[in-house]
There are 2 protein chains.
Amino acid sequence: MNQTLIDQKFESYLRSRSLKLTPQRWRIFERAFATHKHFSAEQLYAWMAEEEGPKVSRATVYRTLSLLEEGGFIESLDTGGGEIVYEHVLGHGHHDHLICPDCGRICEFREPRIEKLQREVARSQGFTLESHSLRLMGRCASCAESLGDLG
Amino acid sequence: MNQTLIDQKFESYLRSRSLKLTPQRWRIFERAFATHKHFSAEQLYAWMAEEEGPKVSRATVYRTLSLLEEGGFIESLDTGGGEIVYEHVLGHGHHDHLICPDCGRICEFREPRIEKLQREVARSQGFTLESHSLRLMGRCASCAESLGDLG
DNA sequence: TTTAATGCAAACAATTTGCATTGTG
DNA sequence: CACAATGCAAATTGTTTGCATTAAA
């Protein structure tokens, strides 16, 4: 999915809900799609402050992030560090995460067999599965290495 | 594992770290093991306030909860609702959770096949798996029912 | 011109921390 | 008696909200 198409999706999403396309929304939206890394609300606010463009307040950052999440443009991930991070989702497929608590690195992975088992588990307990969050925590290769024999 | 044995573990854990066995620690510890449900720090503090026994402050609740978690006596679970809940762990086996966002119900399940796949995934990405958190979110049977055809 | 969005600052909720006081080992 | 733990209240952190003002549609 190319950027133009995503832009159109966003525009039509706003229109369909009679929401307004403001400069700050546009800026936040673009910035979220400009990075392929995970970012927090605070990080995004910092970008808004240091990069040039129309002024964006902290409140608007939070509000727009929620909006983008509801619209399915971004997804949130609770890393467990008390901070929620986001990633854009269009053009991506679903995936889960491996997190290194030492360096904060986040890797993505796909494992359809796990997804399948999840559906089975939910069904067997009478739940209608709506979503899931799977985080694997562990030391990544480079942290393990830099620790030498001490880790 | 019976209660007496757990008590001993706690005592020896404290001793091994030259920590003191205070009335409030004991009370919190006992209360955490007296319930088989998940509870939040705030909930536990409320219990301390309404049930009788030595006075326990909020700060001590939080401090002791961390202590118990470090010692492996309890485990924390982020339900995604901005609140962390705990459950005691001794005598339990490892398990993951199904959470109903509507009523807050939390169910436990075990699925060794998922665990196995997780280890494979981590290994394949060069991570040393230390822990994981898997939450399945979905509507539980009774919430689905009470919604009728509206959900 | 209608209706939604913004910015700001105050409000919040959950948790942590500094410090004087108290109490266990 | 030494050092750790408590209580309290103030401080933090991440996020939300009320409201007057501004600006899309």
Side-chain angles (χ1 to χ4, degrees), chain A residues 7 10-32 38-49 53-71 73-86 104, chain B residues 7-8 10-32 38-49 53-71 74-86 104:
Chain A
D7 288 358
F10 185 46
E11 288 189 43
S12 67
Y13 175 73
L14 291 178
R15 224 175 299 119
S16 73
R17 291 202 170 196
S18 6
L19 299 175
K20 293 169 181 175
L21 179 41
T22 65
Q24 11 296 88
R25 277 192 180 147
W26 193 252
R27 203 181 156 204
I28 291 171
F29 169 74
E30 293 231 295
R31 195 59 183 79
H38 299 79
F39 57 90
S40 63
E42 213 54 34
Q43 170 68 79
L44 181 50
Y45 175 65
W47 286 334
M48 296 294 103
K55 180 189 175 50
V56 178
S57 72
R58 202 175 244 107
T60 296
V61 166
Y62 280 96
R63 286 191 276 235
T64 305
L65 245 15
S66 303
L67 178 70
L68 292 176
E69 190 175 11
E70 281 168 32
F73 295 94
I74 62 176
E75 270 183 5
S76 64
L77 165 67
D78 188 336
T79 62
E83 202 179 39
I84 293 173
V85 296
Y86 297 86
Chain B
D7 288 357
Q8 288 170 5
F10 184 46
E11 289 189 41
S12 69
Y13 175 73
L14 291 178
R15 223 176 299 118
S16 73
R17 291 202 172 195
S18 5
L19 299 175
K20 293 170 182 176
L21 180 40
T22 65
Q24 10 300 86
R25 276 190 181 150
W26 194 252
R27 202 181 157 204
I28 291 171
F29 169 74
E30 293 232 295
R31 194 61 183 77
H38 299 79
F39 58 90
S40 63
E42 212 53 35
Q43 171 68 79
L44 183 50
Y45 175 66
W47 286 334
M48 296 294 104
K55 180 187 174 48
V56 178
S57 72
R58 204 176 243 107
T60 296
V61 166
Y62 280 96
R63 285 190 277 233
T64 305
L65 245 15
S66 303
L67 179 70
L68 291 177
E69 190 176 11
E70 281 168 34
I74 62 177
E75 270 184 4
S76 63
L77 165 66
D78 188 336
T79 63
E83 202 178 38
I84 292 173
V85 297
Y86 297 87

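Reckoned from all heavy atoms, side chains included, excluding hydrogens, waters and symmetry mates. Throughout, protein chains are lettered first and strands after them, A, B, ... in sequence-line order, and every chain is numbered starting at 1.
Side-chain contact between T64(A) and Q24(A): absent, with no pair of heavy atoms (C-beta onward) separated by less than 4.5 Å. Contact of the L67(B) side chain with the L14(B) side chain is registered, since non-hydrogen atoms from C-beta on lie closer than 4.5 Å. S66(B) places none of its side-chain heavy atoms less than 4.5 Å from the side chain of R63(B). Contact annotation: the side chain of F10(B) approaches that of W26(B) to within less than 4.5 Å [non-hydrogen atoms, C-beta and beyond].
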Below 3.5 Å between N/O atoms, which protein atoms pair up with nucleotides 23-25 of chain D? Just atom names and distances, please.
residue: dA24(D); atom: N3; partner: K20(A); partner atom: NZ; Å: 3.2
residue: dA25(D); atom: OP1; partner: L21(A); partner atom: N; Å: 3.1

Under 3.5 Å, N/O pairs linking protein and nucleotides 9-16 of chain D:
residue: dT15(D); atom: OP2; partner: Y62(A); partner atom: OH; Å: 3.0

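Listed for the R27(B) side chain is a donor-acceptor partner under 3.5 Å among the backbone atoms of M48(B).
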ask   = Yes or no on side-chain contact (heavy atoms from CB on, under 4.5 Å) for R25(B) and L68(B), after CA distance, side-chain angles and deciding distance?
value = CA-CA 9 Å; R25(B) 276 190 181 150; L68(B) 291 177; over 6 Å; no
request  = Start with the C-alpha gap between E11(B) and F29(B), add the side-chain angles, then the distance that decides, and say whether side-chain contact (heavy atoms from CB on, under 4.5 Å) holds.
outcome  = CA-CA 11 Å; E11(B) 289 189 41; F29(B) 169 74; over 6 Å; no
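If you take OH on Y45(B) and OG1 on T60(B), they are separated by 10.0 Å, rounding to the nearest 0.5 Å. Atom CD in E69(A) sits 8.0 Å away from atom CD1 in I84(A) (nearest 0.5 Å).
Residues D78(A) and E83(A) share a closest heavy-atom pair of OD1-O, 4.2 Å. Across all their heavy atoms, I28(B) and V61(B) have their closest contact at CD1-CA, 3.8 Å.
Residues that satisfy the salt bridge (Lys or Arg N to Asp or Glu O under 4.0 Å) test with E42(A), not counting sequence neighbours, are R58(A). Remark: F39(A) engages W47(A) in a ring pair (Phe, Tyr, Trp, His ring centres under 6.0 Å) (not counting sequence neighbours).
Mapping heavy-atom proximity under 4.0 Å, the span of DNA chain C touched by chain B runs 5' to 3' from dA14(C) to dG25(C).
Put simply, CG on L67(B) is 14 Å from C1' on dT6(D), counting in whole angstrom units. The CG atom of L65(A) sits 15 Å away from the P atom of dT17(D) (whole-angstrom rounding).
Helix bend of the helix from dT1(C)-dA25(D) to dG25(C)-dC1(D): the angle between its two end axes, each built from five pairs, comes to 30° after rounding to 10°.
Map T60(B) and S18(B) each onto its nearest nucleotide of DNA chain D; the residue landing nearer the 5' end is S18(B).
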